[in-house]
Number of protein chains: 2
Amino acid sequence: MARERKFSKEELYQITKKLLLDHGYDGYTFTLLANQLEVSRAAIYKYYDNKEELLIEYMVFELNTFLQHLKEISKKDTFMDQFEALFDIIFNDMSIYKIREIGMHIPTVNDKVAAYKKKLDRLHVELYDSLQGFIRLGREEKVLKEDIPSNLVLGMIFQTVNIPNTTGLTHLEWVNTLKKVICHGMFRNAN
Amino acid sequence: MARERKFSKEELYQITKKLLLDHGYDGYTFTLLANQLEVSRAAIYKYYDNKEELLIEYMVFELNTFLQHLKEISKKDTFMDQFEALFDIIFNDMSIYKIREIGMHIPTVNDKVAAYKKKLDRLHVELYDSLQGFIRLGREEKVLKEDIPSNLVLGMIFQTVNIPNTTGLTHLEWVNTLKKVICHGMFRNAN
DNA sequence: GTTTAAAGTTACACATATGTAACCAAATTC
DNA sequence: GAATTTGGTTACATATGTGTAACTTTAAAC
C-alpha cells in the first residue's frame, strides 16, 4: 500500500561500507550517502533519525554475516581445515577489521543506539567464543605452539590481510605465501 | 622584532598527531586544533593557508624523523641486530603506519601542497631503499627465507604492531612473543 | 474511483567549519 | 620613545552538514 522504494537496504549497506572505508567515521555524511543513492537527503531520515543509528545497525549486520560465515568453519573437523577456511573468509572480505574499528567510534547518541550497541557486544562475545574454539582445537591437536596468546594468533590473521600485495604475485600465490609465513615464520632456521 | 609565539611547532605537531589518530583526515579541523592549542583559529592561518598545507608539512616531518631513526639501524652489522633495532623503532611509536595511511588522503589543493607531496615521494623512495638494504642483508646472511617478497617481510613487521595487547603480558613479553612468531611462525612443526 | 499510507522532495532553521579583513598587542630597531 | 614587524584576536561572509515540517507522488486497499 505504498510506492516503490528507490533504494534497497543492500544498496544502502554497500554504499555505506564504501563511504566508511574512504572517509572514515567523521567523514561519513548523509549528504554523501544521499548523493550516492541518488535520493534526497531527507529520504534517509524516513528510516533513520541520524547517522549513528544507521551506522550501528550496519555494524550489527556486518558482524552478523561475518559470524554466520564463521560458524560454518567450526563444522570442519581438523584445525588445519578450519585454519584454511578462516583464511578464505577473511580474504574474501579484507575490510572487516577496518570497518570494525570504525564502528568503535560511534557515539551513543540515544537509547536506540545504546540498544544496538548492547547487541553488538553480545555478537562480539559470540565471535570471541567461536574463535576461541578454533584456537582450543589448534592447541589440542598440538599444531599451535601453546605459549602464544590467542589474541596474537587471531591478530596475526586479521592484520596481515591488510598488507598490500604490490608484488607480481597472483592473489592465490600471495595468500599461500602469507599462510606459510604465519605458520612457519620468515626465518630459515629455528634458533 | 615581534612578540612571543603562544605555541611551538612541536606542540602543533603533537596535537595534530593526536587529532589525526582520534578523528582521521576528514575529522581533523582547524577549530579542534585551535582549541587544543588555546589560540584563536585565525592565528593558525598566519602560518598555514589551509589544513592540507599543515598536514602535508607534518607528514614530511614525521617521515623524516622516522627515516633518521631508520638510518641508525643500517649502521648495525648483522641482520639480527638490525631486525631487533627495527622492531624497537616501530614499537617506540606504533602509530606511524596509521598516520602514513591518513597522509595518503591529503588532496593536492595548491602548488605548495604539490611540492611537499613530491618531497614526500622522495622520502618514501629513501625509506624503501633503506629497508630494501635491510632485507638484502637478511637474504645474504641466509637468515630470511628467499622466496618471501620483501614487502611481505616489511608488511608483517609494520602491521603486527597494531595487534592490541589485551593479554596480561608486559610490553616486553608481548613484543618478544610477537618477534618469535614473525621469525618462526605459530605452528609447532614444519610441514 | 476514492481513500490511505508509505516513499520521496523541497524548503527552512540551525550548527559548524572555512578563509579573510580589520584591528589590537608586544617586542625590536632606530 | 616612535616606527616597524610579527603574533594574536574579533568579526564577517561563505560553505557544508543536520534535522524537521510541509508538501507531493504512487501504489495498494476498499
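First the proteins, then the strands, lettered A, B, ... as listed; each starts at 1.
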_Quick check on DNA chain C: between B/D49 and B/E4, whose nearest nucleotide comes earlier from the 5' end?_
B/D49
*Starting at NZ of A/K9 and ending at P of C/dA7, how long is that distance when rounded to a whole Å?*
11 Å
*Quick one: side-chain contact (heavy atoms from CB on, under 4.5 Å) partners of B/L86, sequence neighbours excluded?*
B/L70, B/I73, B/I90, B/L131, B/F134, B/I157
*Run through B/K112, B/E57, B/E53 and flag the one making a side-chain hydrogen bond (donor to acceptor under 3.5 Å, both in side chains) with B/Y48.*
B/E57
*For B/D22, all residues meeting salt bridge (Lys or Arg N to Asp or Glu O under 4.0 Å), sequence neighbours excluded*: B/K18
*side-chain contact (heavy atoms from CB on, under 4.5 Å) partners for B/I102, two or more places apart*: B/L20, B/Y25
*For DNA chain C, the residues among residues 15-43 of chain B that have a non-hydrogen atom under 4.0 Å from it*: B/T29, B/F30, B/T31, B/R41, B/A42
_Partners passing side-chain hydrogen bond (donor to acceptor under 3.5 Å, both in side chains) against B/E141 (at least two apart in sequence or in another chain)_ = none
*asked:* Strictly by side-chain hydrogen bond (donor to acceptor under 3.5 Å, both in side chains), give each pair with a member in residues 118-128 of chain A just once, sequence neighbours left out.
replied: A/K71-A/E126, A/R100-A/H124, A/Y128-A/Q132
*Determine whether any donor atom in the side chain of B/R3 lies under 3.5 Å from an acceptor atom in the base of C/dA27, or the reverse, and answer yes or no.*
no
_In this structure, how many angstroms lie between the P atom of C/dA27 and the NZ atom of B/K6, rounded?_
13 Å
*Whole angstrom is fine here: how far is it from NZ in A/K51 over to C1' in C/dT16?*
13 Å
*Test: B/R188 and A/E146 ion pair at under 4.0 Å*: yes
*Is B/K46 side chain donor-acceptor paired with the D/dG8 base, going by distance under 3.5 Å alone?*
yes
*Could you pull out all residues at least two apart from A/K98 that satisfy side-chain contact (heavy atoms from CB on, under 4.5 Å)?*
A/L21, B/E101
*Considering only heavy atoms, which members of residues 101-109 of chain B lie under 4.0 Å from some atom of DNA chain C?*
none
_Could you work out, with side-chain contact (heavy atoms from CB on, under 4.5 Å) as the rule, every residue matching B/E11, not counting sequence neighbours?_
B/F7, B/S8, B/L37
*Using whole Å, report how far CG of A/N50 lies from P of C/dC14.*
20 Å
*In whole Å, what is the span from the OH atom of B/Y47 to the C1' atom of C/dT18?*
19 Å
*Figure out the OH/P separation between A/Y45 and C/dA13, and round it to whole Å.*
17 Å
